[in-house]
Amino acid sequence: TDKPRPVLTVSPSWLSPGASVTLNCEVEHPSAGWSFYWYKAVPDLSEKSSSYELLPDGSGTAQDSYIIHGQTHTAGYVCRAGRGDPEYHTDHSQPKFVWSADVHSAASLTVSPDRVQHFPSDSVSLTCEGNFTEWRVSKFSEKGFFSHCCDCQKLSGSSYKIHSLQEGVTVYWCESGSGELSNAVNITVRGVFK
Ligand SMILES: *[C@@H]1O[C@H](CO)[C@@H](O)[C@H](O)[C@H]1NC(C)=O
Ligand SMILES: *[C@@H]1O[C@H](CO)[C@@H](O)[C@H](O)[C@H]1NC(C)=O
């Protein structure tokens with residue numbers, strides 16, 4: 001049987017460094033005594049997925065919202081809910097991201113060429129910098145579709161080439177093997193006039 005899956009929202013999704021971020025976890029029947037669990041998504045390059053790290057005081061809160069103070073970097077979050085004794089748990093929500101455009105010393109992503117707007121036929125390379133041996137690129141499209149970047153070709157070291165640029169705005173970021181998320185960049189693609 002399929003477990004219900006809560007829907008997580010984060011606000012704001014683009015961060016001014018040091019701002020507070022509010023997470024909301026929505027379950028289908030909110031009145032019925034749920035408690036909530038709050039996690040940070042930590043990339044796991046070997047598993048090609050993510051693992052979850054419980055946030056401080058994020059275990060079994062009565063509130064369906066959780067506030068993170070002083071957030072500075074790109075991060076992904078996940079929630080789930082539980083109720084009853086023994087406790088029944090919902091599935092984990094889809095991860096939601098808070099993006100920071102700020103480059104920090106540990107992990108940074110640069111785009112070349114760095115243009116306001118690209119054409120679908122352009123080729124764009126992404127370079128992840130930082131003292132990490134392993135990287136993965138992830139992306140999030142305007143339509144809300146999240147994926148690890150399987151349409152990227154790994155060039156050398158930590159450079160990637162994107163083959164097929166999607167029309168619209170897509171957010172890209174890098175994830176290191178130790179769970180660092182780089183700054184995020186918007187890549188905006190507009191076709192020729194139709
Ligand atoms: C990179 O990381 C390694 C292992 O943690 C460390 O020994 C080395 O000093 C670091 N290099 C730089 C330039 O930070
Ligand atoms: C990226 O695009 C989104 C949606 O269009 C926008 O809200 C956000 O401010 C942009 N961020 C940056 C750093 O350009």
Side-chain angles (χ1 to χ4, degrees), residues 6-26 38-43 50 55 65-79 93-132 135-153 155 158-176 178-194:
V7 175
L8 179 68
T9 53
V10 303
S11 174
S13 51
W14 281 92
L15 199 64
S16 317
S20 293
V21 174
T22 303
L23 312 182
N24 264 285
C25 194
E26 195 181 316
W38 307 93
Y39 306 87
K40 187 170 179 168
V42 178
S50 295
L55 291 168
S65 64
Y66 183 97
I67 297 175
I68 297 160
H69 297 283
Q71 168 106 27
T72 51
H73 301 323
T74 303
Y77 296 100
V78 163
C79 73
S93 69
Q94 297 281 7
K96 284 292 163 66
F97 293 87
V98 182
W99 289 294
S100 167
D102 256 28
V103 172
H104 64 103
S105 52
S108 76
L109 170 63
T110 52
V111 180
S112 171
D114 184 10
R115 293 201 192 111
V116 174
Q117 193 166 310
H118 298 265
F119 293 110
S121 57
D122 287 350
S123 92
V124 167
S125 64
L126 302 178
T127 304
C128 304
E129 282 171 292
N131 190 14
F132 304 104
W135 290 99
R136 170 171 74 187
V137 173
S138 291
K139 67 175 186 180
F140 199 87
S141 75
E142 213 164 25
K143 296 188 178 97
F145 188 70
F146 162 69
S147 66
H148 302 309
C149 199
C150 43
D151 54 359
C152 297
Q153 177 195 355
L155 295 176
S158 54
S159 287
Y160 302 82
K161 188 166 230 155
I162 309 174
H163 293 302
S164 54
L165 288 171
Q166 277 175 328
E167 276 199 46
V169 181
T170 307
V171 186
Y172 288 87
W173 67 97
C174 303
E175 304 173 349
S176 77
S178 55
E180 289 278 345
L181 270 53
S182 74
N183 57 302
V185 297
N186 278 340
I187 294 185
T188 303
V189 179
R190 301 279 177 233
V192 287
F193 295 109
K194 288 182 182 132

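First listed ligand is number 1; within each ligand, the first listed atom is number 1. Excluded from the calculations below are hydrogen atoms, water molecules and symmetry mates; all remaining heavy atoms, backbone and side chain alike, are included. These numbers come from a predicted model, not from an experiment.
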Nearest-0.5 Å distance that lies between atom CG in L8 and atom CZ in F97 = 10.5 Å
Can you tell me if T170 and S141 form a side-chain donor-acceptor pair at under 3.5 Å?
-> no
Nearest heavy atoms of I187 and V124, plus distance in Å | CD1-CG1, 4.1 Å
Any side-chain donor near an acceptor of the partner, S138 and E175, under 3.5 Å | yes
Look at the rings of W173 and F146 and say which category their plane angle falls in: under 30° parallel, 30 to 60° tilted, over 60° perpendicular.
-> parallel
Heavy-atom check, side chain of W99 versus side chain of S13, under 4.5 Å = yes
Write none if no such pair exists; otherwise list each N/O atom of ligand 2 with its protein N/O partner under 3.5 Å and the distance.
from, atom 1, to, atom 2, distance (Å)
ligand 2, 2 (O), N186, OD1, 3.3
ligand 2, 2 (O), N186, ND2, 2.4
ligand 2, 11 (N), N186, ND2, 3.0
ligand 2, 14 (O), N186, ND2, 3.1

